[in-house]
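In what follows, chains carry the letters A, B, and so on, assigned in the order in which the sequence lines appear, proteins first and then strands, with residues in each chain numbered from 1.
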2 protein chains.
Amino acid sequence: MKQMSEALLGEVSQKFKVLSDPIRLRILHELQAGERTVNELVAATRSSQPNISKHLALLKTAGLVHRRKQGNQAYFSIAAPYIFELCDIVCGGIAEELEKKNQSLA
Amino acid sequence: MKQMSEALLGEVSQKFKVLSDPIRLRILHELQAGERTVNELVAATRSSQPNISKHLALLKTAGLVHRRKQGNQAYFSIAAPYIFELCDIVCGGIAEELEKKNQSLA
DNA sequence: AGCATATTTGACTAATTTACCAAGAAGAAT
DNA sequence: ATTCTTCTTGGTAAATTAGTCAAATATGCT
């Protein structure tokens, strides 16, 4: 990583902020399996419909999901596949931490 | 990514939350060049000293940095190198977005 | 037109997060 | 001992964010 401008730093932190909510991660995880309507996502998350709608709006503003409207429904899909790479790396880090914790107990 | 438990989702989102602040990213970026004392980090960020100290405490709790106390000073260093990978990916995503935006203007 | 379904938006509340200030703690220097 | 430096912590005010409910919008159906 070279010199980071204040502006870039701000943008990066905002992306992370969008990813810093379990419900939004759940939504993205669900979308990984393919396009979903709002109602399908509501069912997958057990949160209220307006709430999910707002989270989706946020994800869309951040450019992480795409929205397609057809008839009555809105279909959402992943717009930035790199997010799964991010999650995988973090999961790896968490697994490593756990391993270390277990080793220190032994 | 396989099935994600609610618990793991929560942990992952918390890691992202820690990374979702420009000052903390600046600190981490500074630490990428090597160990630093609190005061050096204050100088690098132009934020107040207590504020940096709190951000450092947060980063430490999250397991992202390591703290070593020697004499009067506390030396901080990177504990989870994977964070730079994360930032690189996000930067790549941002660059891609920008490119797309520029293309659509042309 | 009138009703039903799917989704978004606005107003509001509660919770979380950030930054600031002042005070505290720990070590080094005199 | 006391004073200086470095760092951490507690209290608090301001800002941001998540959630809920109710109302609005948009489309499809009869």
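In this structure, A:S47 and A:K69 both approach DNA chain D, and ranking their closest nucleotides by distance from the 5' end singles out A:S47. Residues A:A57 and A:Q73 each lie close to DNA chain C; by heavy-atom proximity, the contact nearer the 5' end of the strand is made by A:Q73.
Each of C:dT18, D:dG19, D:dA18 was ranked by its minimum atom distance to the side chain of A:K54; first place goes to D:dG19. Taking every side-chain heavy atom of A:P50 into account, C:dT9 is the closest of D:dT8, C:dT7, C:dT9. Of all nucleotides listed (D:dA26, D:dT8, D:dA18), D:dA26 comes nearest to the side chain of A:N72.
Of the side-chain N and O atoms in A:H55, one or more sit less than 4.0 angstrom from OP1 or OP2 of D:dG19. At least one side-chain nitrogen or oxygen of B:S48 sits closer than 4.0 Å to the OP1 or OP2 atom of C:dC20. Contact check, B:N51 against C:dA19: a side-chain N or O comes under 4.0 Å of OP1 or OP2. Residue B:R67 places none of its side-chain N or O atoms closer than 4.0 Å to OP1 or OP2 of D:dC7.
B:Q70 has its CD atom 9 Å from the P atom of C:dA28, to the nearest Å. If you measure from atom CG of A:L58 to atom P of D:dT16, you get 14 Å, rounded to the nearest angstrom.
Between the B:R24 side chain and the B:V18 main chain, a donor and an acceptor come within less than 3.5 Å of each other. The backbone N or O of B:K17 sits nowhere less than 3.5 Å from a side-chain atom of A:K17 that would complete a donor-acceptor pair.
The residue B:K17 sits close only to the backbone: its heavy atoms come under 4.0 Å of sugar-phosphate atoms, none of a base. Within 4.0 Å of B:F76, counting heavy atoms only, lie sugar-phosphate atoms of the nucleic acid but no base atom. Contacts of B:I23 with the nucleic acid, taken as non-hydrogen atoms under 4.0 Å apart, involve only primed sugar atoms and P, OP1 or OP2.
Using a 4.0 Å cutoff on non-hydrogen atoms, the parts of residues 34-46 of chain B near DNA chain D are B:T37, B:V38, B:N39, ordered by number.
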